[in-house]
Structures are given as structure tokens and as C-alpha cells.
Amino acid sequence: MRAETQNTVEAIRKSLALLGQRLGLETADYRLEEFNARVEDPTLWDDPAAAQKLMRERQVLVDSIATYKGIAQELEDNIELIELGEMEEDAEVVSEAEAALKALAGKAAEKEIEALLDGEADGNDTFLEINSGAGGTESCDWAAMLARMYVRWAEKKGYKVELQSESAGEEAGIKSAAYKITGPNAYGWLKSESGVHRLVRISPYDSSARRHTSFSSVWVYPVVDDNIEIEVNPADIRLDTYRSSGAGGQHVNTTDSAVRITHLPTGIVVTSSEKSQHQNRDIAMKALKSRLYQMELDKRNAAINEAHAAKGEAGWGNQIRSYVLQPYQMVKDLRTNYETSDTSGVLDGDLDGFMAATLAMDVAGKSRSEAQAED
């Protein structure tokens with residue numbers, strides 16, 4: 001087997017190793033048996049929402065197992081074909097099998113990246129904010145370059161990009177800009193971009209053509225969807241009824257139709273005083289769930305704000321990536337040491353390699369210093 005083909009085989013095996021890790025290969029078949037047993041339970045559809053969730057989880061597992069086994073089988077089949085072709089000196093068979101392996105390597109790499117996007121909010125749409133940092137006009141121009149880079153990346157993915165706000169620089173570029181990016185796994189892809197980005201280049205605004213260093217910060221956070229399930233434990237509420245004091249009518253001061261619900265763990269109190277006590281209970285419970293939902297949003301936003309605060313100031317010492325255009329061409333991620341000399345490609349939106357490297361590092365549970373020590 002040629003060295004190039006052997007490298008392709010090794011790349012596929014590495015992708016399979018990561019897919020197996022994310023799948024939990026050792027227990028996958030056992031977990032599928034458990035799902036199948038639960039699906040056969042005749043009481044499953046007594047709770048349609050829970051049943052649908054179970055079926056979705058089962059299908060994800062089925063698809064993941066099928067993907068892993070399919071790639072593994074196709075790999076072995078083509079290796080056998082190459083060995084057989086070499087033994088029989090059939091160059092056509094070898095060539096076809098090598099081409100199939102190259103295509104399989106691309107498929108395996110794609111599935112590998114998809115497997116990394118399994119965080120709680122990875123599938124959500126995302127907000128992207130860019131702010132110029134230290135460097136004045138230079139940084140404002142750099143912020144505009146970053147904005148274009150991310151818009152181009154999103155467009156290549158087929159995502160929808162909406163400009164939420166923008167503040168122009170005094171002489172050039174932008175002081176800040178905010179976008180909403182809508183598409184599958186938008187947040188999962190972009191979440192690794194939060195941090196300070198550093199540019200080194202010959203300044204187009206310096207008449208002496210000196211080299212300048214500029215900083216801009218990027219902040220990425222998920223669009224929180226409305227599918228937050230709020231469950232209220234009956235033991236956590238106190239329901240009181242009292243007489244309505246409405247404007248009039250036959251029920252006024254004759255029945256205890258008004259309802260007050262107190263949520264004991266949080267102290268939230270909601271009331272409703274329509275004519276029907278049944279209607280009031282329904283209205284009050286919806287109001288309570290709405291209040292609890294808002295509390296959940298506040299918690300999530302607090303976590304987002306904490307992550308933003310940890311990002312650091314847009315200046316020396318806090319950068320996650322350097323873009324050097326002079327005196328040489330190099331873009332390097334300081335967390336993973338992933339780098340490329342194709343600076344024009346990166347600035348035109350070719351970012352998947354950087355994102356995948358960071359995702360892989362996060363999956364391995366390595367810190368920035370540990371990742372750099374290995375290099």
C-alpha cells in the first residue's frame with residue numbers, strides 16, 4: 001500500500017476513534033436494547049411528549065451506530081480490495097479503492113466534527129458581537145475585517161446573517177457590531193471564537209508604512225430558545241381561593257372563585273380573578289410557569305455574562321489567535337497551536353480547521369497550556 005494511501009487509512013481510523021469515543025461504543029448496543037425495550041412498552045404513548053423525546057434520542061443513537069459501523073466496514077472493504085488488487089497486479093481495482101478511501105476520509109472527517117457538536121446549546125442559533133480594542137483607528141479597521149470574515153464564513157455555511165447593531169469608527173472601520181446568525185449548530189461552531197484576536201500588519205493608515213499590532217474582541221453566545229420545559233411539583237405550591245371583588249355579576253361575593261398560587265421554593269405569588277375558578281387555576285399556573293421560565297432565562301444570561309467577563313480585555317496577554325500579515329503570513333490559534341499560512345483564505349471565512357481543532361481539544365479535556373506542551 002502506497003504511503004499516501006496509508007496516511008488516508010490512518011486519518012480515517014483517527015476519525016473512527018473519536019466517533020467511537022463520542023458514541024460510547026462499548027455500551028452503545030446495550031443502550032439501544034434498553035431503548036427498544038422502552039419503545040415496546042404499551043404505556044409509552046400515555047405521555048406523548050416524553051414518548052417523542054424518547055424516540056428522538058433512540059433515532060440519534062441508531063444513526064450514530066450506523067454511521068460508525070458503516071465507515072468501519074467501508075474502510076476494511078477497501079483495504080481488502082487494495083491488497084487483492086496489488087496481489088493480482090490489477091491497477092484499476094487499486095485505483096478505484098484508493099479513490100473510495102479518499103472520499104471516505106472526507107466523510108469521516110465531516111462526521112467527526114459533527115460528533116463534537118453535542119453540547120446543550122450547540123444546535124442553537126447564535127449572537128456574535130465584535131468590539132474594537134487597543135489600537136484606535138487600526139483596531140476599528142481590524143474589527144471590520146473580523147466582521148467580514150465571520151459573515152463570509154456564515155454565508156459559506158448557508159446560514160442567515162442579520163445585523164443587529166453597528167457603531168462606526170471615527171475614521172474607518174467599526175467600533176462594534178452585533179449579528180444574529182441562524183442555522184444548524186451555529187452556536188456549536190462559533191462558540192470557540194470568543195476571545196481576543198490580534199492582527200499584525202503594515203498599517204494602511206501610517207504614511208511611514210510601519211508595522212502595527214491591533215486587537216479586537218469577539219463574544220459569542222447562544223440564542224436561548226423557547227423550548228424550556230418548566231415542571232412544577234404540586235408539593236411546591238400552595239393554592240388559595242378567595243372571593244372575587246370584580247365589577248359585578250351574580251358570582252361576586254357569592255363564590256370563592258379567585259385563585260392565588262404561591263410557589264414555595266421561590267416565593268413567587270400569582271393570582272387570577274376571572275369568573276371561573278377552573279379558568280383561574282389555569283391562568284395562574286401559566287403565569288407561574290412564565291415567571292419560572294424568566295428565572296431560567298436570567299440564570300442562563302448570568303452564565304453568559306460570566307463567560308463574557310472571563311474573556312478578558314482586548315489587548316496584550318489575552319489573545320486566543322494571532323493573524324500575522326507582515327513580515328510573514330501566518331494565522332495561529334494560541335490555544336491549540338493550529339496554524340496556516342493561508343491568511344487570505346482565513347480572512348475570507350475559511351475557519352473550520354481552527355474551530356474543529358478547538359472543539360477536539362475541549363473534548364479531550366485539555367487546558368490551553370497542556371495542548372501547547374504537547375506541540
Side-chain angles (χ1 to χ4, degrees), residues 19-70 111 114-126 182-189 191 221-239 259-272 276-304 359 362-363:
L19 287 172
Q21 176 188 347
R22 304 304 285 169
L23 172 61
L25 188 61
E26 295 179 355
T27 63
D29 289 333
Y30 173 73
R31 285 182 281 125
L32 183 56
E33 289 178 7
E34 284 189 329
F35 273 122
N36 291 337
R38 293 169 68 185
V39 166
E40 294 172 3
D41 185 346
T43 66
L44 173 65
W45 289 96
D46 290 350
D47 185 343
Q52 290 173 0
K53 181 180 179 182
L54 174 68
M55 296 300 288
R56 286 194 299 269
E57 291 175 350
R58 177 186 176 278
Q59 191 59 48
V60 168
L61 181 59
V62 168
D63 292 345
S64 298
I65 292 173
T67 295
Y68 179 89
K69 291 184 175 180
K111 295 299 180 182
E114 288 179 5
L116 298 174
L117 300 173
D118 63 353
E120 180 184 0
D122 282 355
N124 290 25
D125 301 332
T126 191
T182 304
N185 294 318
Y187 174 69
W189 276 109
K191 65 183 181 182
Y221 56 99
V223 176
V224 180
D225 58 39
D226 294 333
N227 297 321
I228 299 177
E229 296 181 5
I230 301 296
E231 295 184 5
V232 179
N233 186 342
D236 288 340
I237 63 173
R238 184 179 70 242
L239 190 148
V259 169
R260 178 191 297 114
I261 295 179
T262 303
H263 188 246
L264 301 176
T266 61
I268 293 174
V269 178
V270 292
T271 62
S272 180
S276 164
Q277 186 177 110
H278 178 77
Q279 182 183 22
N280 285 334
R281 289 190 183 191
D282 184 54
I283 292 172
M285 281 302 296
K286 286 181 178 178
L288 174 61
K289 288 183 177 181
S290 179
R291 292 280 298 277
L292 293 173
Y293 170 74
Q294 186 59 51
M295 287 184 66
E296 180 65 21
L297 288 182
D298 291 343
K299 288 180 184 177
R300 294 192 180 194
N301 288 334
I304 291 168
L359 287 167
D362 291 342
V363 167

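Computation of the quantities below employed the complete heavy-atom set of this structure, encompassing side-chain atoms and omitting hydrogens, waters and symmetry-equivalent molecules.
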Quick check for you: to the nearest 0.5 Å, what is the distance between [X] atom [atom1] and [Y] atom [atom2]?
X	Y	atom1	atom2	answer
I65	L32	CD1	CG	4.5 Å
L288	T262	CG	OG1	9.5 Å
Q52	L44	CD	CG	10.0 Å
E26	R31	CD	CZ	10.5 Å

Would you say R281's side chain and L239's backbone share a donor-acceptor pair under 3.5 angstrom?
no
Taking all heavy atoms of [X] and all of [Y], pick out the closest pair and write down the distance.
X	Y	value
D236	P265	O-CD, 3.4 Å
I237	M285	CD1-SD, 4.2 Å
W45	A51	CE3-CB, 3.4 Å
P222	Y187	CD-CE1, 3.4 Å

Decide side-chain contact (heavy atoms from CB on, under 4.5 Å) for L61 and L23; before the verdict, give the C-alpha distance in whole Å, the side-chain angles of both, and the deciding distance to 0.1 Å.
CA-CA 8 Å; L61 181 59; L23 172 61; 3.7 Å; yes
What do the steps show when you test R22 against Y68 for side-chain contact (heavy atoms from CB on, under 4.5 Å), and what is the final call?
CA-CA 11 Å; R22 304 304 285 169; Y68 179 89; over 6 Å; no
Test log, rule side-chain contact (heavy atoms from CB on, under 4.5 Å), inputs K191 and T126:
CA-CA 9 Å; K191 65 183 181 182; T126 191; over 6 Å; no
Might you work through the side-chain contact (heavy atoms from CB on, under 4.5 Å) test for L264 and R238, ending with a clear yes or no?
CA-CA 7 Å; L264 301 176; R238 184 179 70 242; 3.7 Å; yes
Any donor-acceptor pair under 3.5 Å linking the side-chain atoms of E40 with those of N36?
no
Answer yes or no: is there an ion pair linking K53 with D47, defined by an N-O contact shorter than 4.0 Å?
no
